[in-house]
Amino acid sequence: MLPATFKLCAGISYKHMRNMTGLRKNALAAIHHEMNRLAGPGPSNWISQVRRNSLLSSRIQEEEEYNEEEMSYVKQGENALQKAISILSEQDGWTVETVAANGDKVLSKVLPDIGKVFKLEVVLEQRPDNLYEELVEKMEQMGEWNPNVKQVKILQKIGQDTMVTHEVSAETPGNVVGPRDFVSVRCAKRRGSTCFLAGMSTQHPKMPEQKGVV
């Protein structure tokens, strides 16, 4: 069983996009370019398995099936994915914050217009199928194994790649830090053993501000 390499990149702030007109084809082309550069050559490069023209045709067909609100969430998710891949693909400038005895590593970097971001790099003795199932397909069960998460609920799913979620964080002992909630749009992409899950904050009519949480 091959170990799965898991990289997580998180920003200290959580912004959301509102108006991104004309992003559809540009975002798709940028995502294609960044993933192709990140994955590198070889049979594991999932980009080489899909012709760019057919991918664009499929994307245009999907756009015709979505209404304006759905397309807005799709574009937000793709923008988050593009930005995350861009951050992870830059290898220079990272500062090591800590290295655990088992090799787990936390790095940080200050980025213009974003602030300080943190990157976690670990090697897990799990098949990529299992990781994708837990993080994407079983997202609403995350609170069962993550003590920092109280609840995750999928508010809306758009196609195979995009979903809007509501997450509630768990209270800390003594309620030093009260519960917080987040409404996020997430974009999940997978081809072969390469998986990406990116997200950013958004707003959704099904989840207004909740009393008792920040």
Working for side chain to side chain contact (heavy atoms under 4.5 Å, CB included), residues Thr95 and Leu107 | CA-CA 5 Å; Thr95 300; Leu107 306 96; over 6 Å; no
Test log, rule side chain to side chain contact (heavy atoms under 4.5 Å, CB included), inputs Glu134 and Trp145 | CA-CA 10 Å; Glu134 291 293 337; Trp145 55 267; 3.6 Å; yes
Any link between Val110 and Leu120 through a network of hydrophobic side chains (Ile, Leu, Val, Met, Phe, Trp, Tyr) touching at under 4.5 Å?
->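 No, separate clusters.
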Heavy-atom neighbours of Lys105 NZ exceed 12 at 6.0 Å =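 Counting other residues, nucleotides and ligands, NZ of Lys105 stays at 12 neighbours or fewer.
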Where is the tightest heavy-atom contact between [X] and [Y], given as atom of each residue plus distance?
X      : Y      : answer
Pro205 : Pro208 : O-CD, 4.1 Å
Tyr73  : Thr162 : O-CG2, 3.9 Å
Leu135 : Met142 : O-CE, 4.5 Å
Leu197 : Ala188 : CD1-CB, 4.0 Å
Leu81  : Ala198 : CA-CB, 3.5 Å

Distance check, rounded to the nearest 0.5 Å: [X] atom [atom1] versus [Y] atom [atom2]?
X      : Y      : atom1 : atom2 : result
Ile114 : Ile87  : CD1   : CD1   : 4.0 Å
Phe182 : Glu167 : CZ    : CD    : 7.5 Å
Ile154 : Lys206 : CD1   : NZ    : 11.5 Å
Cys187 : Gln82  : SG    : CD    : 11.0 Å
Ile158 : Tyr66  : CD1   : OH    : 7.0 Å
Lys157 : Met163 : NZ    : CE    : 5.0 Å

Please check: side-chain N/O of [X] versus main-chain N/O of [Y], any donor-acceptor pairing under 3.5 Å?
X      : Y      : result
Ser169 : Arg180 : yes
Glu70  : Asn67  : yes
Lys153 : Val168 : no

Without hydrogens or angle criteria, can the side chains of Ser72 and Gln76 be said to hold a donor-acceptor pair below 3.5 Å?
->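 Yes, side-chain donor-acceptor contact under 3.5 Å.
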Between Thr165 and Arg186, does any side-chain donor sit less than 3.5 Å from a side-chain acceptor?
->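 A donor-acceptor contact under 3.5 Å links the two side chains.
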Contact between [X] and [Y] at the side-chain level, heavy atoms closer than 4.5 Å - yes or no?
X      : Y      : result
Phe196 : Arg190 : no
Val164 : Thr202 : yes
Gln203 : Val183 : no

Do NZ/NE/NH1/NH2 and the carboxylate oxygens of Glu90 and Lys119 come within less than 4.0 Å?
->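 Result for this pair is no, no salt bridge flagged.
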Go through the steps for Leu124 and Val122 under the test side chain to side chain contact (heavy atoms under 4.5 Å, CB included), then give the verdict.
-> CA-CA 6 Å; Leu124 303 176; Val122 302; 4.0 Å; yes
Take Glu78 and Val74 through the side chain to side chain contact (heavy atoms under 4.5 Å, CB included) test and state the conclusion after the steps.
-> CA-CA 6 Å; Glu78 289 179 345; Val74 170; 3.8 Å; yes
